[in-house]
Amino acid sequence: MRSLLATLLVSLFVGLLAFGVMFLWQKNRIDEHHDHLSAFDWFCEEFEIDEKRRDRIEALHIAYFPECEDHCVHYADTKKSLTVITADPDLDKYPEHIEAAGELARLKQEADKKFIDFIYSVAAEMDPESSDRYLQRMKGWLEKTTEIAAE
């Protein structure tokens with residue numbers, strides 16, 4: 001009886017050890033595979049983008065990101081101004097506060113609308129199955145921002 005229990009415990013230990021080693025080895029292999037990939041390379045691999053589509057999608061990214069960066073800078077500046085104004089409760093009713101809050105909301109809505117358009121333009125370049133998977137992955141973000149952009 002004692003030898004059966006010892007055998008079971010040793011077997012359990014060896015099995016857990018083998019599982020741990022295999023898990024870590026596989027994780028390391030996966031991590032190494034993705035280490036060399038840029039974000040765009042990963043995107044193309046994940047959604048099985050062929051070379052022809054890759055070039056068109058990359059052109060969309062290249063065209064979109066300078067505009068996105070400009071929006072981000074303007075949004076950050078406006079948010080900083082609003083933060084300074086908001087820090088002083090005496091300024092809440094001043095036109096500058098109302099104007100900065102309105103500008104911030106407008107910028108966010110405009111940026112969200114442009115990003116939604118960008119997502120759908122990328123999806124339009126993909127094969128139907130990859131496009132559906134891509135839009136499904138973006139669904140939570142799209143639902144949140146579609147409400148904002150529609151206002």
Side-chain angles (χ1 to χ4, degrees), residues 8-9 11-87 91-151:
L8 287 174
L9 287 175
S11 297
L12 179 65
F13 176 75
V14 169
L16 288 172
L17 183 64
F19 173 79
V21 167
M22 288 304 293
F23 175 80
L24 292 174
W25 178 68
Q26 287 288 25
K27 182 182 179 315
N28 190 44
R29 265 189 54 218
I30 291 168
D31 290 346
E32 284 176 0
H33 173 72
H34 294 288
D35 279 346
H36 72 281
L37 295 176
S38 70
F40 189 71
D41 290 335
W42 172 87
F43 168 83
C44 292
E45 185 176 297
E46 176 69 18
F47 292 102
E48 300 167 3
I49 307 296
D50 61 32
E51 284 302 313
K52 183 178 170 186
R53 288 185 170 130
R54 178 189 172 99
D55 292 342
R56 292 193 310 251
I57 292 171
E58 188 171 24
L60 290 170
H61 277 85
I62 290 169
Y64 173 72
F65 282 110
E67 183 177 350
C68 178
E69 187 175 53
D70 288 345
H71 264 91
C72 287
V73 168
H74 195 88
Y75 182 84
D77 289 345
T78 304
K79 191 169 184 170
K80 184 178 179 184
S81 298
L82 186 60
T83 302
V84 169
I85 293 169
T86 305
L91 297 176
D92 281 352
K93 295 181 182 168
Y94 280 82
E96 293 85 0
H97 183 257
I98 295 166
E99 183 181 327
E103 177 70 2
L104 192 64
R106 185 191 67 73
L107 286 170
K108 180 159 180 31
Q109 185 177 14
E110 185 178 318
D112 287 346
K113 170 78 172 93
K114 289 184 185 224
F115 188 62
I116 290 167
D117 293 345
F118 170 72
I119 289 171
Y120 280 105
S121 65
V122 168
E125 294 295 334
M126 302 168 111
D127 66 77
E129 185 180 315
S130 293
S131 177
D132 289 344
R133 222 167 35 90
Y134 172 68
L135 291 174
Q136 188 64 32
R137 187 159 300 171
M138 300 301 285
K139 183 179 180 181
W141 198 91
L142 285 170
E143 287 172 350
K144 179 185 81 165
T145 55
T146 301
E147 294 169 8
I148 295 167
E151 294 172 352

Quiz prompt | salt bridge (Lys or Arg N to Asp or Glu O under 4.0 Å), paired with Glu110, selected from Lys113, Arg106, Lys108 | solution =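 The single option meeting the salt bridge (Lys or Arg N to Asp or Glu O under 4.0 Å) with Glu110 is Arg106.
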Considering all heavy atoms of both residues, which atom of [X] and which atom of [Y] are nearest to each other, and what is their separation?
X: Leu60; Y: Ser121; value: CD1-O, 3.5 Å
X: Arg54; Y: Ile49; value: N-CG2, 3.3 Å
X: Ser131; Y: Ala123; value: OG-O, 3.1 Å
X: Phe47; Y: Ser130; value: O-OG, 2.8 Å

Indicate yes or no: at least one non-hydrogen side-chain atom of [X] is less than 4.5 angstrom from one of [Y].
X: Glu58; Y: Ile62; value: yes
X: Arg133; Y: Asp127; value: no
X: Asp132; Y: Met126; value: no

Quiz prompt | Pairing residues for Asp55 by the salt bridge (charged side-chain N to carboxylate O under 4.0 Å, His left out) criterion, not counting sequence neighbours | solution = none
Exercise. May I ask you to decide if the ring planes of Phe43 and Phe40 are parallel, tilted or perpendicular, using 30° and 60° as cut-offs?
Key: parallel
Quiz item: Going by the angle between their ring planes, with limits at 30° and 60°, are Phe118 and Tyr64 parallel, tilted or perpendicular?
Solution: parallel
Quiz prompt | Ion pair Arg56/Asp50, N-O distance below 4.0 Å | solution =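 Not counted as a salt bridge, because no side-chain N and carboxylate O are separated by less than 4.0 Å.
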